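Chain letters run A, B, ... following the sequence lines, proteins first, then strands; residues in each count from 1. Only a predicted model underlies this, so the values are computations on that prediction, with no experimental measurement involved.
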Protein chains: 4
Amino acid sequence: MACTKFEYVKKFESFQSLLPNCYIVIRIDGHSFHRFTSIHNFKKPNDRRALDLANLAAMKVMEEFQDIRIAYGQSDEYSFVFDKNCKIYKRRESKLVSLITSLFTANYVFNWSKYFSAVELQYLPSFDSRAVIYPSLENLRDYMSWRCADCHINNLYNTIFWCLVQDESSPKTVSEAQDILKDTDSGMKNEMLFSKFGINYNNIEEIYKKGTVLYRKNELLTKSDSNISRVKSVIKMDHVDIINDKFWKENPEIFKSA
Amino acid sequence: MACTKFEYVKKFESFQSLLPNCYIVIRIDGHSFHRFTSIHNFKKPNDRRALDLANLAAMKVMEEFQDIRIAYGQSDEYSFVFDKNCKIYKRRESKLVSLITSLFTANYVFNWSKYFSAVELQYLPSFDSRAVIYPSLENLRDYMSWRCADCHINNLYNTIFWCLVQDESSPKTVSEAQDILKDTDSGMKNEMLFSKFGINYNNIEEIYKKGTVLYRKNELLTKSDSNISRVKSVIKMDHVDIINDKFWKENPEIFKSA
Amino acid sequence: MACTKFEYVKKFESFQSLLPNCYIVIRIDGHSFHRFTSIHNFKKPNDRRALDLANLAAMKVMEEFQDIRIAYGQSDEYSFVFDKNCKIYKRRESKLVSLITSLFTANYVFNWSKYFSAVELQYLPSFDSRAVIYPSLENLRDYMSWRCADCHINNLYNTIFWCLVQDESSPKTVSEAQDILKDTDSGMKNEMLFSKFGINYNNIEEIYKKGTVLYRKNELLTKSDSNISRVKSVIKMDHVDIINDKFWKENPEIFKSA
Amino acid sequence: MACTKFEYVKKFESFQSLLPNCYIVIRIDGHSFHRFTSIHNFKKPNDRRALDLANLAAMKVMEEFQDIRIAYGQSDEYSFVFDKNCKIYKRRESKLVSLITSLFTANYVFNWSKYFSAVELQYLPSFDSRAVIYPSLENLRDYMSWRCADCHINNLYNTIFWCLVQDESSPKTVSEAQDILKDTDSGMKNEMLFSKFGINYNNIEEIYKKGTVLYRKNELLTKSDSNISRVKSVIKMDHVDIINDKFWKENPEIFKSA
């Protein structure tokens, strides 16, 4: 057959399978989102529409892949965590990286107008991603804590930064604002926010401070007309601290199937 | 800083860089497109709208990445070829695989209604992809010939298969059609197409028989009101044989920048 | 400098670092040892000299690398296990694989005459090896149990096989012996050994049945002329069951430094 | 069988196959040879015995592996080049890296006393190695030129350096010698060698200036008592420039089997 003499080229393919018994994280990042958010006038420091859109796209990804047990998103990034024992697509790295990114992108583009109805897309958003694997739950939790701490640090910085830049009475330039914030710690930033702008950082919405966690939870469902009930795994969305033990103790079923 | 003690988790990342001086192929495939095309009533054996949509998405990908010198698409797959010396994103595999897939998906979803205006999406299409590298132009051409021969073989088969199944006077079941075609070679299929259904396979549109090639070509542009002309690299779309030497001899600049 | 224009070739090197927080196993295998043992007249089913030589070579490897916490050898193979947190040579796979193999080979060749004084080397032995990583202690113990069970199974088979072949009164050919043993389980082999050849398998030396384990153990050393004592990590050699918990419970310091 | 429940651990192995149609280089380096040469009193700047021993070990490696077409050695390193189409051990990286290193080490240790008869080994030498692949002959030749230029540069430096340090009338310390040579180019070093020490660098033996190349050459063999002749591939050893085209033009069969 005409194909045969060319088929040797398949031998150049090599499939990287991710090590068994390790948690798989696929982290998606917005590609050149600094420019994208600027051209599409995202609100600063946070644009709720963009977070809601990303959360919807992530929810769709989780609905499609049962093996994703928890996901965490903030800013223009989203991390999806597969259970350590999952065997999906033989744990092939390219397959997982490309498919999750594709599905997330499809949902992000398709649902754009639902959240940005008045904003025409000047060009299409795109995302890149990577796979990282973690051998232990401790490593994985540290990964998620790292992203969550990053969310907090950036949000505090961005909140005060944009207050300074958007200050109507005495607006600062970008570099002036950067100079003012240089070498300030969290306490000083909190204090500055409150004394200069009357903002109590604690009162800022949790979604901005903590990011968004999607996770599987077993719920007891009882039909209204019967006393038969059954356990069903549902996907919950929360904006809570995932660094401390509390969240993990309350949700032991994340890494145990229903 | 709160982040610091968690940052060790970055050390678990490992970046696979694709070997220098090799052609990079990123091949995108429709994910479960058998089901997707069935639910969205794609025409058989070929749906021109779907090919046009994929070609548009691929064109957008090439416009974005100058380092892609040629691309080839057929059915629900598309291969993008980066020049062997390109240094884009340090040739990081995950970055290239995810980003190309994301951009292709974004354009496929966004432009769906342009070609399938009457067809509402029941769920969103997604794609997976892989990277393969080839050390020599001969290997790369054999790769492209492999995909092109695959297009021809499948299209001939599908054309006669769907004639049999959709035959109004004497429709065959899927398994009857498969039985009839089993062990037939190209010549027999051509003959059957002509004698039974009055179809001369040679007259079928080239896009179905050859697939689609997108490639960079240098064009001499002359302003109408002057005699100054300059060479500009443009992207051409063709449906031609890319197995034989003719195409490659006529387009020597594919792997040489303008 | 003359070198400069060629130095780009360094960019073709890629270093695979083994995932952090995983146990690293380097398993060395004798290369074509079927032929090597035949030409050098190794005794069947086991040649004590060969085991002692391999054990000595392995001991030397462990003395050189503190990060190797335990090693297990049987037949012509040896597995060396690095602690999961070790950072030796940035955990570079090629470095570890090549260096351990080189050191083992050097000691095997150098000490040959110590054990095979009367046997001249017809050609030199060589070894190949691979790295495997395990995320959990359970996985690692299962790996070691796998090798230890393999030792037992092969030794039982080989013991009865060579009894049949070397039976002075009624020697069997290789294929006759294989036929006799086909489909026999452990119990039947034990029974046959005892009834036909008067051998109680339980009385066979442990080194043949269990293989050899080298491991680090903390010992309390007291100088004879003082009452000052200190803990010192020493390397112990044993021929014991490493499948059950007993060994691991008695040696908790294997994966904890002194 | 007892083994079965542990066998899942095999799935943690992953075999990296080196890309087809690329030249494979396995480069072996002496492990901590600065210390090894010092303790065993290697002569400076070059110890002919050590080079001869390494060359013998390399020759043995080439005799064993027909797929190695050329090898290049200098100082305590040796590079072995497999033909780009060779399929040995499915091009598995660990297998090739470990086996070549093992065979080289075995021969180095075994033949030590042949060249260093009066020198007792205080401890055993060992080697590490890596695999690098090159897609084109140009890349491969640049790799070999890089190692050969490195040989020349180091040898010129070391020759004058050790003249300064071992100068009987006015010996310099190591740091004094380094200071004198800092910022000198090749011409200045040549001049200094001649004017101060009466050494014409051109007259130094080629093995020190060029290193050693082992390569396959087809020779026409004629039996003395007949007029029947046949072509035989033999391994030649030379100390010549492998940077310029001359060597490669004279030896076209290096990458063509006999």
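- If you measure heavy-atom distances from B/Tyr89 to chain A, the contacts under 4.5 Å come from the side chain alone.
- Close approach to chain B, defined as a heavy atom under 4.5 Å from one of its heavy atoms, is seen in no residue of residues 54-67 of chain A.
- Of the listed residues (B/Leu124, B/Asp29, B/Asp185, B/Val132), the one with the most heavy-atom contacts under 4.5 Å to chain A is B/Leu124.
- Nearest heavy atoms, B/Val97 versus A/Ser94: CG1-O, 4.3 Å.
- Proximity to chain A is absent for every atom of B/Leu96, based on heavy atoms less than 4.5 angstrom apart.
- Of the listed residues B/Ile28, B/Ile243, B/Val109, B/Ile100, the one with more heavy-atom pairs under 4.5 angstrom with chain A than any other is B/Val109.
- Atom-to-atom distance recorded for B/Glu7:CD and A/Asp150:CG is 8.5 Å, nearest 0.5 angstrom.
- Residues B/Arg92 and A/Arg130 meet the side-chain proximity criterion, which asks for heavy atoms closer than 4.5 Å.
- A distance of 8.0 Å separates NZ of A/Lys5 from OG of B/Ser145, quoted to the nearest 0.5 Å.
- Between the OG1 atom in B/Thr101 and the CG atom in A/Asp128 there is a gap of 11.0 Å [rounded to 0.5 Å].
- The closest donor-acceptor contact from the side chain of A/Ser126 to the backbone of B/Leu103 lies at 3.5 Å or more, if one exists at all.
- Between chain B and the residues A/Tyr143, A/Trp112, A/Phe110, A/Tyr123, the most heavy-atom pairs under 4.5 angstrom are made by A/Phe110.
- Contact annotation for B/Glu93: only side-chain heavy atoms (C-beta onward) come within less than 4.5 Å of a heavy atom of chain A.
- Taking OG1 of B/Thr105 as the start and CG of A/Leu99 as the end, the distance is 9.0 Å to the nearest 0.5 Å.
- Heavy-atom distances place the side chain of B/Phe15, and not its backbone, under 4.5 Å from chain A.
- Nearest heavy-atom pair across B/Asn139 and A/Val9 is O-CG1, 3.8 Å.
- Heavy-atom distances place both the backbone and the side chain of B/Asn107 under 4.5 Å from chain A.
- Across all non-hydrogen atoms, the minimal contact from B/Pro125 to A/Ala106 is O-CB, 3.7 Å.
- For the atom pair OH (B/Tyr108) and OG (A/Ser102), the distance works out to 11.0 Å, reported to the nearest 0.5 Å.
- Ring geometry for B/Phe12 against A/Tyr134 counts as tilted: the plane angle lies between 30° and 60°, on a 0 to 90° scale.
- For B/Leu121, the part sitting under 4.5 Å from any heavy atom of chain A is the side chain, from C-beta outward, and nothing else.
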